[in-house]
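Down below is the structure, laid out as structure tokens.
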Amino acid sequence: MGSGIAQVAAAAGHRVVLSDAKAGATAKARESMRAGLAKLVEKGKLDAAARDALMARISFVDALLARDLSIYKECGIVIEAVVEDLGVKRALLTALGGVVAPGAILATNTSSLSVASLASAPAHPGRVVGIHFFNPAPVMPLVEIVPALSTSADVTVTARALVDAWGKTTVLAADTPGFIVNRIARPFYGESLRMLEEGLADCATIDWAMRELGGFRMGPFELMDFIGNDVNYAVSSSVFEGMFYDPRYRPALTQRRLVESGRLGRKTKIGYYDYRDGAVMPKPEEDRALGQRLLDRVLAMLINEAVDALYLRIASARDIDVAMTKGVNYPKGLLAWCDEIGAATVLERLDALQSEYGEDRYRASPLLRKAAKAGSRVTA
């Protein structure tokens, strides 16, 4: 992520310092960036002169020198993308706060940690802000801007304007677990796993239903294998804990067992699917009636989560729908999808699930219930 963000900034004409405390990481980033840019040149999307100029604007600092944070003293903004560990990030931001100029912005690329907690470490918490890119940063258009309680309004405006100038699509998110995308997307995985554990359908059939009937680019299980089951489980656990163990966000035992067994997905060549040489991918049960039931259940949960995010002022309606279409490539904004289906229909599906299972997991957002009763749009 760090090298991807550096590439985005350099492509916009900025001088960039890129480093990592891990031996060999910076050299690996340089080679990976060169290879990626070479492919763009081959495809005619970038000329050789622009590639060379971009690379020349980045100072790649090796691990030994990276431990001396004075290399960042002239930076107007420093974006950390180190391991997703609260203690590590807090320590780094504290140290950076003592090195950079008073007006410099300190940004965190955290995907689920509390920005408020990270901002409380440096001496000047008003200049700390969340700037959450999506992987791969040079390709994915969305960036979540997340101010903490202490972040100054000027820093928020400056950070958003800067990232907009880099050609990204920014959304403003409240500092809550998972922000917009990682919060709202939880049911895409969680409810699919629940249906798998209940034996309603296998992975291939659920993936088929979400792709073919729902229009999603990837099904939940193939997407989890692509992301990495360890990463997906970690985010699920972080949001669950951050939301005070709300049952709507409870991770699945299946996720945990796959991680414990080292079946992390494509990177280990086995996860929900087997990617090893000679393995045969399972065929889905292409029953459209079954597939529609699977889709309706997952979609009701996703829509409810988006509506609740709007109700709780996590983000504006516009930013919620932009985030889900630009950040995870959903075929439609979930709020717009709700208005298309009808709030009453979505509520009926959720109430039926809550009646069947007796779980608070399926409780409907007050805003969804209000819109259904009034026969209005949730975005009205």
Side-chain angles (χ1 to χ4, degrees), residues 177-178 182-203 205-216 219-221 223-224 232 236 239-240 243-256 284-285 287-312 314 320 324 328 330-378:
N182 280 323
R183 175 191 181 127
I184 294 175
R186 298 313 345 130
F188 188 68
Y189 315 107
E191 201 58 25
S192 297
L193 281 157
R194 179 65 177 266
M195 295 189 300
L196 175 71
E197 291 177 342
E198 289 177 12
L200 296 180
D202 60 15
C203 296
T205 300
I206 296 171
D207 280 348
W208 168 80
M210 299 306 290
R211 282 195 320 269
E212 298 302 317
L213 304 182
F216 291 88
F221 297 101
L223 182 53
M224 284 187 282
N232 190 273
S236 296
V239 173
F240 181 50
M243 296 300 291
F244 305 105
Y245 302 99
D246 186 326
R248 286 201 328 215
Y249 306 102
R250 181 182 294 119
L253 185 59
T254 297
Q255 280 182 297
R256 182 175 178 177
E285 180 184 349
D287 180 329
R288 296 188 72 84
L290 170 63
Q292 193 64 50
R293 291 197 298 273
L294 301 174
L295 171 63
D296 287 349
R297 180 165 164 177
V298 173
L299 188 55
M301 293 289 281
L302 283 170
I303 287 174
N304 189 54
E305 201 59 48
V307 172
D308 213 39
L310 179 62
Y311 173 66
L312 295 173
I314 304 305
I320 287 171
M324 302 314 292
V328 278
Y330 281 10
K332 300 176 186 177
L334 291 169
L335 298 176
W337 215 336
C338 180
D339 289 339
E340 180 182 306
I341 295 171
T345 299
V346 178
L347 178 62
E348 182 181 1
R349 293 171 185 169
L350 287 169
D351 282 349
L353 288 165
Q354 189 169 38
S355 176
E356 178 180 354
Y357 293 101
E359 294 182 45
D360 206 31
R361 172 189 185 90
Y362 299 106
R363 73 181 186 277
S365 168
L367 178 57
L368 181 69
R369 200 170 291 281
K370 179 181 178 181
K373 183 178 180 179
S376 64
R377 297 160 59 91
V378 293

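Worth knowing before you read on, the calculation uses all heavy atoms, side chains too, and leaves out hydrogens, waters and symmetry mates.
- A distance-only check finds no donor-acceptor pair linking the side chain of Asn182 to the backbone of Pro177 [under 3.5 Å].
- For CD of Glu348, the number of neighbouring non-hydrogen atoms (other residues, nucleotides, ligands) closer than 6.0 Å is 12 at most.
- The two residues Ala343 and Ser376 make their nearest non-hydrogen contact at CB-O, 4.3 Å.
- The shortest distance between side-chain heavy atoms of Arg248 and Met301 does not fall below 4.5 Å.
- Nearest approach of Pro187 to Val298, heavy atoms of both residues: O-CG1, 4.0 Å.
- Residues Trp208 and Pro284 share a closest heavy-atom pair of CB-CB, 3.6 Å.
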Checklist entry - Are Lys332 and Glu340 close enough, and set up right, to give a side chain to side chain contact (heavy atoms under 4.5 Å, CB included), and what steps lead you there? => result CA-CA 10 Å; Lys332 300 176 186 177; Glu340 180 182 306; 2.7 Å; yes
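- Side-chain atoms of Asp207 come within 3.5 Å of backbone atoms of Phe221 as a donor-acceptor pair (strictly under, hydrogens ignored).
- Arg369 meets the side-chain contact (heavy atoms from CB on, under 4.5 Å) test with Leu347, Asp351, Ala364; sequence neighbours excluded.
- Taking CE from Met195 and CZ from Arg293, the interatomic distance works out to 11.0 Å, rounded to the nearest 0.5 Å.
- Taking the six-membered ring for Trp and thresholds of 30 and 60 degrees, Phe188 and Tyr330 have ring planes inclined between 30 and 60 degrees apart.
- In this structure, the ring-ring contact (aromatic ring centres under 6.0 Å, His included) partners of Tyr362, at least two apart in sequence or on a different chain, are Tyr357.
- Paired with Thr205 under the rule side chain to side chain contact (heavy atoms under 4.5 Å, CB included), one option of Asp287, Leu200, Leu290 passes, and it is Leu290.
- Screening Leu294, Asp296, Leu295, Leu299 for a side chain to side chain contact (heavy atoms under 4.5 Å, CB included) with Leu213, the sole residue that qualifies is Leu295.
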Item to check | Derivation of the side chain to side chain contact (heavy atoms under 4.5 Å, CB included) call for Arg349 and Ile341 | outcome: CA-CA 11 Å; Arg349 293 171 185 169; Ile341 295 171; 4.3 Å; yes
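- Shown here for Gly214 and Pro331, the closest heavy-atom pair between the two residues is O-CG, 3.4 Å.
- Contact annotation: the side chain of Ser236 approaches that of Arg186 to within less than 4.5 Å [non-hydrogen atoms, C-beta and beyond].
- Side-chain contact between Val346 and Leu368 is present, with at least one heavy-atom pair separated by less than 4.5 Å.
- Nearest heavy atom pair, residue Asp308 against residue Pro366, reads OD1-CD, 3.8 Å.
- Between Cys338 and Val378, the closest heavy-atom pair is SG-CG1, 3.8 Å.
- Within the 4.5 Å cutoff, side-chain heavy atoms of Gln354 are placed close to those of Arg363.
- Here the side chains of Ile206 and Pro220 are in contact, with some heavy-atom distance below 4.5 Å.
- Arg183 is linked by a salt bridge (Lys or Arg N to Asp or Glu O under 4.0 Å) to Glu305, counting only residues two or more places apart in sequence or in another chain.
- Using a 4.5 Å cut-off on side-chain heavy atoms (C-beta onward), Met224 and Leu193 make contact.
- Side-chain contact check for Leu334 versus Ile184: some heavy-atom pair is nearer than 4.5 Å.
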Checklist entry - Run the side chain to side chain contact (heavy atoms under 4.5 Å, CB included) check on Phe240 and Asp246 step by step: do they pass? => result CA-CA 6 Å; Phe240 181 50; Asp246 186 326; 5.6 Å; no
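- If you take CE on Met210 and CG on Leu223, they are separated by 10.5 Å, rounding to the nearest 0.5 Å.
- Phe216 has its ring centre less than 6.0 Å from the ring centre of Trp337.
- Residues Ile320 and Val307 fail the side-chain proximity criterion, which asks for heavy atoms closer than 4.5 Å.
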